[in-house]
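For reference, positions follow the sequence shown, starting with 1. In each ligand, atom 1 is the first atom listed, and ligand 1 is the first ligand listed.
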Amino acid sequence: MYPYQLKSFEEYQQAYHQSVIDPEGFWANIAEHFYWRKKWDKVLEWDFKSPNIKWFAGGKLNITENCLDRHLGTLGNQPAIIWEPNEPDEHHRIITYRDLYNKVCQFANVLKNNGVKKGDRVCIYMGMIPELAIATLACARIGAIHSVVFGGFSAQSIADRIQDAQCSLVITCDGAFRGGKDIPLKSVIDDALIGCPTVKRVIVCTRTRTPVSMLKGRDVWWEDEIKQVETMGNPACPAEEMDAEDMLFILYTSGSTGKPKGVVHTCGGYMVYANYTFVNTFQYQPGEVYFCTADIGWITGHSYIAYGPLSAGATTLMFEGVPTYPDAGRLWDIVDKYRVNILYTAPTAIRSLMGYGLGPVNHKDLSSLRKLGSVGEPINEEAWHWFKDNIGKGRCPIVDTWWQTETGGIMITPIAGITPEKPGYATLPLPGVQPILVDENGKEVTGNNVSGNLCIKFPWPGMLRTTFGDHERFRKTYFSTYEGLYFTGDGCMRDEDGYYRITGRVDDVLNVSGHRIGTAEVENAINMHAGVVESAVVGYPHEIKGQGIYAFVIAERFTHDAELTKKDILQTVSRIIGPIAKPDKIQFVSGLPKTRSGKIMRRILRKIAEGEFDNLGDTSTLLEPAVVEEIKKGKL
Ligand code: WT7
């Protein structure tokens with residue numbers, strides 16, 4: 001089924017070697033196994049200075065023909081998506097490849113009827129229902145560029161993203177069910193659209209039946225639009241022919257500045273990479289049921305709920321709810337119910353479920369599980385072993401997959417059952433991935449048992465091509481720190497066996513429950529609150545979330561009711577970014593440690609937030625050394 005699926009450690013080593021000495025030949029051999037309307041003229045064109053990266057230039061394809069059309073003959077009646085609703089007693093849905101093809105074509109025609117054309121940007125703000133996958137694929141079908149925004153972001157965040165991408169249409173739901181909550185998506189969109197004149201149309205899918213306001217001339221119901229297409233006799237929707245380097249989607253992600261950037265992925269390289277990494281990392285076998293617990297609002301959902309599995313003809317399970325609803329046994333019930341073979345989840349979920357003990361795990365039939373995966377943040381050894389022993393019952397390999405929104409797919413990981421695993425380690429790079437460690441001066445750190453900043457020295461097909469509307473920002477962010485290298489922003493060690501262990505971000509980016517949040521963004525939001533003079537935000541180790549958010553805040557008037565002011569600040573952050581960015585701790589201070597030139601010494605604040613009061617370094621050169629003592633005393 002997958003001629004490029006690696007079957008032994010020797011095959012891995014050979015493939016790796018081949019991918020380094022002849023990257024173009026290596027990837028061309030893999031790309032051969034996809035459906036191209038026209039083959040590429042040139043496999044790779046690159047330079048990390050401009051930067052300019054093109055894979056399979058001149059190749060013509062449509063990713064949905066690879067995810068849908070080409071499977072119809074052999075897999076038409078196979079489940080493409082199994083959907084499990086938020087409430088365990090609501091009926092689940094099974095969507096075969098033929099159903100999915102029909103629904104995508106149908107909705108693609110809806111988009112066309114609503115004026116969407118190739119190259120237009122479409123914002124998608126929906127809960128985890130099959131229509132979300134259908135909407136993204138329908139965009140891809142007609143060459144529209146989707147920008148999915150996670151349901152936990154605020155109206156302001158959505159507006160920023162819509163404006164940046166100049167979206168002309170929004171697809172949303174009346175609301176979304178997530179655990180005990182009912183999120184009023186359409187109402188959030190209504191607030192967002194006040195500042196978005198480019199949006200001419202909103203398509204609203206019914207899910208929660210939450211009352212919504214429908215603006216005449218702008219808002220239409222998904223179901224009505226589908227009926228319209230049905231009265232036209234449900235014509236097929238031929239796939240738009242795309243260039244390999246045409247944009248497929250934009251996904252916004254946080255960096256060290258206040259403004260999230262639109263990471264751009266293109267059609268050809270992304271498809272090949274998402275598929276190759278899916279098929280290999282999880283060693284997917286035809287017929288297996290694969291369950292990734294991420295949300296399609298994040299890159300993990302794009303690559304490993306939708307495009308990777310579907311391009312491989314796999315059965316992908318999509319879950320609307322959360323692991324703790326109605327109780328902490330929900331994931332295990334789902335594994336049991338659908339005989340799940342592969343489970344891909346996040347360390348934060350594992351740690352949170354560990355907290356409930358083995359009660360919710362006992363008596364669940366997990367015998368169908370064959371492979372486990374982890375993604376999004378470093379997995380601590382305790383969580384790794386708990387996952388291995390209690391969920392995998394000691395017989396399932398765990399793949400600790402390191403990658404990023406920018407990389408499009410998995411980069412460093414064990415290959416399930418094929419290459420070695422080691423708790424806490426992402427271990428070895430996949431074929432085609434060339435990691436390199438450098439010191440602060442950009443000098444390569446060679447040999448084993450070393451640490452450094454993680455860079456990648458050669459392009460891979462899944463890498464981002466630009467940041468939307470701002471190529472210079474793309475260059476600055478990823479290629480200017482170390483000349484000739486892609487800088488990941490992560491710190492990393494390489495052990496005596498040459499295995500990689502990612503130690504966390506070295507820039508001002510936090511990873512809270514696997515969600516990526518910029519400290520500058522949170523500071524900007526806090527500073528919006530009336531009465532706040534200045535703030536500094538750092539991360540600190542958090543038992544379940546991995547990192548928690550610690551805010552040091554200088555406020556004008558808070559002494560009369562500090563607790564209320566804290567709540568107001570949380571409310572402000574929720575409004576500006578979304579509930580996911582709310583600080584765990586807010587400490588009011590009278591000043592911040594600054595250098596004489598006025599730069600905040602975050603290193604000191606980080607140490608204090610971690611509770612490490614010794615070795616704060618030399619504080620005598622600070623503008624106001626005394627402030628450090630005050631901050632230490634007030635630590636929460
Ligand atoms: C950052 C990327 C990759 C999809 C989800 C997150 C951290 C990711 C691991 C891992 C240690 C990890 C890194 C990376 N990260 N996976 N297996 N071990 N750290 O995507 O939001 O773009 O975040 O997540 O710090 O840079 P993202």
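- Considering backbone and side-chain N/O atoms, S374 never comes within less than 3.5 Å of an N/O atom of ligand 1.
- Between T253 and ligand 1, not a single N/O pair is under 3.5 Å apart.
- In this structure, F278 has its ring center no closer than 6.0 Å to that of Y307.
- Taking atom 24 (O) of ligand 1 as the reference point, the nearest protein heavy-atom neighbour is G376 O, 3.2 Å.
- The single protein non-hydrogen atom nearest to atom 11 (C) of ligand 1 is P378 N, 3.1 Å, given as residue, atom name and distance.
- Salt bridge status for R606 with D508: present, with a side-chain N to carboxylate O gap under 4.0 Å.
- Contacts between N511 and ligand 1 below 4.0 angstrom, taking non-hydrogen atoms only, involve the side chain exclusively.
- Distances between N or O atoms of T488 and those of ligand 1 include no value under 3.5 Å.
- Between W46 and F458, the distance separating the two ring centers is shorter than 6.0 angstrom.
- Side-chain contact check for Y478 and T467: no donor-acceptor pair (N or O, by modelled atom type) lies under 3.5 Å.
- Counting protein heavy atoms only, atom 23 (O) of ligand 1 is closest to R516 CD, 3.6 Å.
- Atoms of ligand 1 found under 4.0 Å from any heavy atom of V375 (numbered from 1 in listed order, with element): 3 (C), 4 (C).
- Comparing D490, L510, I502 against atom 13 (C) of ligand 1, the shortest heavy-atom distance belongs to D490.
- Nearest protein neighbour of atom 3 (C) of ligand 1, counting heavy atoms only, is W403 O, 3.0 Å.
- Between Y276 and W27, the distance separating the two ring centers is shorter than 6.0 angstrom.
- Test H471, H265, K261 against T466 for side-chain hydrogen bond (donor to acceptor under 3.5 Å, both in side chains) and you get one pass: H471.
- Residue contacts with ligand 1 for T401 involve N, CA, C or O but no side-chain atom from C-beta outward (heavy atoms, distance under 4.0 Å).
- Residues F468 and Y252 place their aromatic rings such that the two centres sit no closer than 6.0 Å.
- The heavy atom nearest to atom 12 (C) of ligand 1, out of those in H515, E406, E377, H302, is found in E377.
- Aromatic rings from F150 and W298 are positioned such that their centres are separated by under 6.0 Å.
- Atom NZ of K393 has more than 12 heavy atoms from other residues, nucleotides or ligands within 6.0 Å.
- Residue, atom and distance of the protein heavy atom nearest to atom 5 (C) of ligand 1 are T300 OG1, 3.4 Å.
- Residue contact check: I299 has heavy atoms under 4.0 Å from atoms 4 (C) of ligand 1.
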